[in-house]
Protein chains: 2
Amino acid sequence: MAAKYINQSRFTVAVDCIVFGYDGQNLKILLIKRAFTPMVGRWSLMGGFIAKDESADEAAARILESLTGLKNIYQEQFYTFSAPNRDTRERTISIAYFSLIDIKKYKEPSSEYHAEWFSIKDYPDLIFDHTEMVKIAQKRLQYKATSHAILFELLPDKFTLPLLQSLFEDVYGTSFDKGNFSRKMLSTGLLQKQKDKDKAGSKKGAFFYKLDRKHYQQNSHKFLKLVPNPNSLL
Amino acid sequence: MAAKYINQSRFTVAVDCIVFGYDGQNLKILLIKRAFTPMVGRWSLMGGFIAKDESADEAAARILESLTGLKNIYQEQFYTFSAPNRDTRERTISIAYFSLIDIKKYKEPSSEYHAEWFSIKDYPDLIFDHTEMVKIAQKRLQYKATSHAILFELLPDKFTLPLLQSLFEDVYGTSFDKGNFSRKMLSTGLLQKQKDKDKAGSKKGAFFYKLDRKHYQQNSHKFLKLVPNPNSLL
DNA sequence: GCAAAAGTGTTATCACTACACCCATGT
DNA sequence: ACATGGGTGTAGTGATAACACTTTTGC
């Protein structure tokens, strides 16, 4: 590289991850109780600094893996927070990501972090501007999921339509007509019906479906009008 | 502030602005021919480094004002670019914004920069990853404008429906039925019909409209289905 | 048989597309 | 009068929401 830029300020740059999970009942976020400074003992998002030779995407994936042990997780950069005093220790610019994981694949992290799942409807006060980050991430998730088949990332490989519906209902805080819901969902052509049923939730049992991932790549935009007023979300 | 973070890398952080304008014919972007290093003589987006005490939003507004002389311009942060080698001189993370301005309010900048408008369909090679930035900004603009009344920012205070329609047509690269277009647009309740007409474009003359900015704040989400397949855009 | 949840069918309504038509005016 | 672009009317179509109905199975 040539000469460096002169007379310019340089800042630490971090990524923070809002990790969403779904346990079949509630949409949840993963938080950690800080065992390190600053703000020891307070709850925060999982985050870390960007290293010299990695992009923000790489940093987010690395940090997420260190927390969950999982690789190749869905992640999406959604906003960069840059208020000069947002970090009380030193000015730090934070590139925020949200991630979607199957909560059942998550195992207790290597005890290095004290992590815990909280309902998106009831979680503790967070440090810095992390509460604002969570709120914006939640809106982005709602917005994106109206038109993109990303909520599947929160479910196991095999899932039933009633489970998918209750996930949507929890994400949007409403309820849907089951008939209309299943018709719309199936009309996307993204779901492959399996031969077995989940008998846990009812006597009749509900058929499992899998996401057709090939079709998914090319037709995620076919996810039409699942939610009445998507435009009010962003 | 307390002690600083130790052993962490620090980087220069910049903002880059994609400035959109509309001259009644074509959607355009404002580019500058660099009179400074690195990449002297090449075309690039307008950008600059974030100063010690300002947020990215503030930096973007400052930079935009220095280029156009205009304040209170619509601007929206849309993505942060962080590939380690994106800047050839020194690793720099760039927070990218797009802005919408009324091209007629723009006057030649204070000669400090050699700036020029280019059609979004035909503009020169840009330095670094700026071409990618422009492409992503264009997509974001298209996506956002399907559900938010932001394209008005590109027009004068008073504008006609035919002008608005040709703007939409240029942004989306299609044509719309004028009857359906005007009905949908008026049904949002965002437009206030004026008493005078623009006689420039036709013999009959087209009524001017103004944006009802109060209504706009609260009902920008009423901007429904102006474009056939918005979901394929993001 | 009955309760409970899965899943299917049906209809009224509404929004949208396409296209025909009318309007105002400069030449 | 007629060409030009602005603006309105309307029938056919298709998607949607609401809700009634049938299916399956454990108890």
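Quick note: numbers below take in every heavy atom, side chains included, and nothing from hydrogens, waters or symmetry partners. Here the structure is a predicted model, which is why all the values come from computation and not from measurement.
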For B:K193 and A:G205, take the nucleotide of DNA chain D holding the closest heavy atom to each; which residue's nucleotide lies nearer the 5' end? B:K193

Name the residue closer to the 5' end of DNA chain D, choosing between B:T160 and A:R183 according to the nucleotide with the nearest heavy atom. B:T160

When the ring planes of [X] and [Y] are compared, do they come out parallel, tilted or perpendicular, using 30° and 60° as the limits?
X: A:F168; Y: A:F176; value: perpendicular
X: B:Y74; Y: B:F98; value: tilted
X: A:F159; Y: A:F152; value: tilted

Does A:K204 contact C:dA6 through a side-chain donor or acceptor facing the base, at a distance under 3.5 Å? yes

So, B:Y79 and A:T80: side-chain donor and acceptor under 3.5 Å apart, yes or no? no

Ignoring the backbone of [X], work out which of [options] is nearest its side chain.
X: B:P162; options: D:dG7, C:dA5, C:dC19; value: D:dG7
X: A:K199; options: C:dA6, D:dG5, D:dG26; value: D:dG26
X: B:D177; options: C:dA18, D:dG5, C:dA6; value: C:dA18

Other residues, nucleotides, ligands: >12 heavy atoms within 6.0 Å of B:K210 NZ: no

Rounding to a whole Å, what distance do you find between [X]:[atom1] and [N]:[atom2]?
X: A:K184; N: C:dT8; atom1: NZ; atom2: P; value: 17 Å
X: A:D196; N: D:dT24; atom1: CG; atom2: P; value: 17 Å
X: B:Q165; N: D:dG7; atom1: CD; atom2: P; value: 11 Å
X: B:D198; N: C:dG26; atom1: CG; atom2: P; value: 13 Å
X: A:F181; N: D:dC19; atom1: CZ; atom2: C1'; value: 18 Å
X: A:N180; N: C:dG9; atom1: CG; atom2: P; value: 14 Å
X: B:F207; N: C:dC23; atom1: CZ; atom2: C1'; value: 11 Å
X: A:F208; N: C:dA6; atom1: CZ; atom2: P; value: 12 Å

Between A:G179 and A:S202, the residue closer to the 5' end of DNA chain C by nearest nucleotide is A:S202

With a 4.0 Å cutoff (strictly under), does any side-chain N or O of B:K203 reach OP1 or OP2 of C:dC23? no

Closer than 4.0 Å, any side-chain N/O of B:K178 to the OP1 or OP2 of C:dC19? no

